[in-house]
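One structure below.
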Amino acid sequence: MNAVQVSAAKPPNWDDWKWQCAHRITTVAALSKVIHMTQQDTQNISKCLEQFRMSITPYYASLIDPDDPKDPIRLQAVPSIEETYDCENDMADPLAEEGCSPVPNLVHRYPDRVLLLATYRCSMYCRHCTRRRAVGEEDRFITEKNLQSIFAYIRFHTEIRDVLISGGDPLVMSTEKLEHIIAGLRAIPHVDIIRIGTRVPVVLPMRITEELLSMLKKYQPIWINTHFNHPKEITPESERACTAIVDTGIPLGCQTVLLRGINDRVDIMKELMTKLVHMRVRPYYLYQCDLSRGISHFRTDVDTGIDIIHKLTGNISGFAIPKFVIDAPGGGGKIPVDYNYVISKNDKEVVMENYVGELYTYPQPALYRSLK
Ligand SMILES: *Cc1c(COP(=O)(O)O)cnc(C)c1O
Ligand code: SF4
């Protein structure tokens, strides 16, 4: 196995997340040292890099089978020519986040919670990312002035009880910078839950340090959501990171993206979800791939997602099954899309299908409506 070979020759600083960030693979030349590429691959990747950037941590790159062009890790990390294709439904801002942004880098779409975009940086740029980084775009963190206006907005809006810190990946910031944001939010009395969305446990697990966790612990209740897409991403390193988070008392969820050719099969999803649960990571959402530019080759039809969840339901633990959602184009928010188990419904009874397709009837209480 490639990962083992690489780990045999691991440089001494391999487990240092700053070393991993400093040695990220960003050029075709560096990439050619870790995977085998044809001349055509090299040309295609170079062409794609004219539009979009690449960045792969040495750790995540070590999980790639160098000889398999369809390797699920490779497909998520290495650019492909399809990214340069225009697709008629592609949108620059498919979730219309701009329109819901009262202050720069803050999205207020739902009644009681907001999304705070703390940085534009990530340790690895996922090829399927909603907020794709184009070449030339700034890699910046949020400014102090911007942050203060975000705090002011949240302080004024007392209905906000849940703040989701995302980006980019907030955990690529220094612990000190992140603490500054979290402490500012914690100082607002009506902010109850602070959430962090991060792919670090998957692509840079060594970032989950004692130092980070003891900082987070001071500001409970904190919840974290991470982003595993394939069972191959579950390694001793990523398992250690997830377990350390959960052992700190921070609930850890997973938001998976349904990706064509990577995880659009029931057997792969079943393995992924049961392995996540083994690490005490709770599958939260399965996302239909959105309409961001250059990712049309990752999209499946909606029925594929509905079918996968239908086939998992009843067959594995309920808490191992995420909710399948479409983040509605145009800014409608996340909409659950599910198999329809209700065959008919009236005041007297509900006829339903169970997980193997047998029909059952539930008689409705006769007087409930008239008493209400
Ligand atoms: C996803 C999202 C949230 C969080 O939604 P939950 O369903 O509570 O996880 C909040 N704000 C925005 C803009 C989002 O896209
Ligand atoms: S970690 Fe998240 S924000 Fe960063 S590139 Fe991947 S999907 Fe996009």
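Values below: every heavy atom of this structure, side chains too, minus hydrogens, waters and symmetry copies. The model shown is predicted, which means the values in this text are computed figures rather than measured ones. Read the numbers this way: they start at 1 and go in the same order the structure lists the ligands and their atoms. The first residue in the sequence is number 1, and the count goes up from there.
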Residues 209-217 side chain polar contacts: donor-acceptor under 3.5 Å, at least two apart:
from: Thr209; atom 1: OG1; to: Leu212; atom 2: N; distance (Å): 3.1
from: Glu211; atom 1: OE1; to: Thr175; atom 2: OG1; distance (Å): 2.9
from: Ser214; atom 1: OG; to: Glu210; atom 2: O; distance (Å): 2.9
from: Ser214; atom 1: OG; to: Glu211; atom 2: O; distance (Å): 3.3

Worked verdict on Tyr153 versus Phe151 for ring pair (Phe, Tyr, Trp, His ring centres under 6.0 Å): CA-CA 5 Å; Tyr153 179 89; Phe151 289 160; over 10 Å; no

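- Ligand 2 is approached by His227 to a heavy-atom distance shorter than 4.0 Å.
- Pairs passing the salt bridge (Lys or Arg N to Asp or Glu O under 4.0 Å) check and including a residue from residues 90-109, sequence neighbours excluded, read Asp90-Arg299, Glu97-Arg131.
- Residue, atom and distance of the protein heavy atom nearest to atom 1 (C) of ligand 1 are Lys334 NZ, 1.3 Å.
- Excluding waters, the protein N/O/S atoms found under 2.8 Å from atom 4 (Fe) of ligand 2 are Cys122 SG.
- Ring geometry, Tyr339 versus His310: the interplanar angle falls under 30°, so the pair is classed parallel (tilted spans 30 to 60°).
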Residues His36, Asp67; criterion side-chain hydrogen bond (donor to acceptor under 3.5 Å, both in side chains); working and verdict: CA-CA 6 Å; His36 296 146; Asp67 299 312; 2.3 Å; yes

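- Between His297 and Tyr85, the distance from one ring center to the other does not fall under 6.0 angstrom.
- Here the protein heavy atom with the shortest distance to atom 7 (O) of ligand 1 is Tyr285 OH, 2.5 Å.
- With ligand atoms numbered from 1 in the order given, ligand 1 contributes 13 (C) to contacts under 4.0 Å with heavy atoms of Val107.
- The heavy atom nearest to atom 6 (P) of ligand 1, out of those in Tyr287, Trp223, Tyr110, Tyr284, is found in Tyr284.
- Between Pro79 and the choices Asn44, Leu49, Val28, Thr84, the side-chain contact (heavy atoms from CB on, under 4.5 Å) rule is met once, by Leu49.
- In terms of protein heavy-atom proximity, atom 4 (C) of ligand 1 is closest to Arg195 NH2, 3.5 Å.
- Between Asp162 and ligand 1, a contact under 3.5 Å exists for no N or O pair.
- Within the 4.0 Å heavy-atom shell around ligand 1 one does not find Glu97.
- Under the 6.0 Å distance and 45° angle rule, Arg207 counts as a cation-pi partner of Trp17.
- Relative to the six-membered ring of Phe52, Arg132 meets both conditions, a distance below 6.0 Å and an angle of at most 45° to the axis.
- Atom 8 (O) of ligand 1 has Arg113 NE, 2.6 Å as its closest protein atom, hydrogens excluded (heavy atom only).
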Show which side-chain atoms of residues 242-250 pair as donor or acceptor with protein atoms under 3.5 Å away, not counting sequence neighbours.
from: Thr243; atom 1: OG1; to: Glu239; atom 2: O; distance (Å): 2.7
from: Asp247; atom 1: OD1; to: Arg280; atom 2: NH1; distance (Å): 3.1
from: Asp247; atom 1: OD1; to: Arg280; atom 2: NH2; distance (Å): 3.1
from: Thr248; atom 1: OG1; to: Ala244; atom 2: O; distance (Å): 2.7

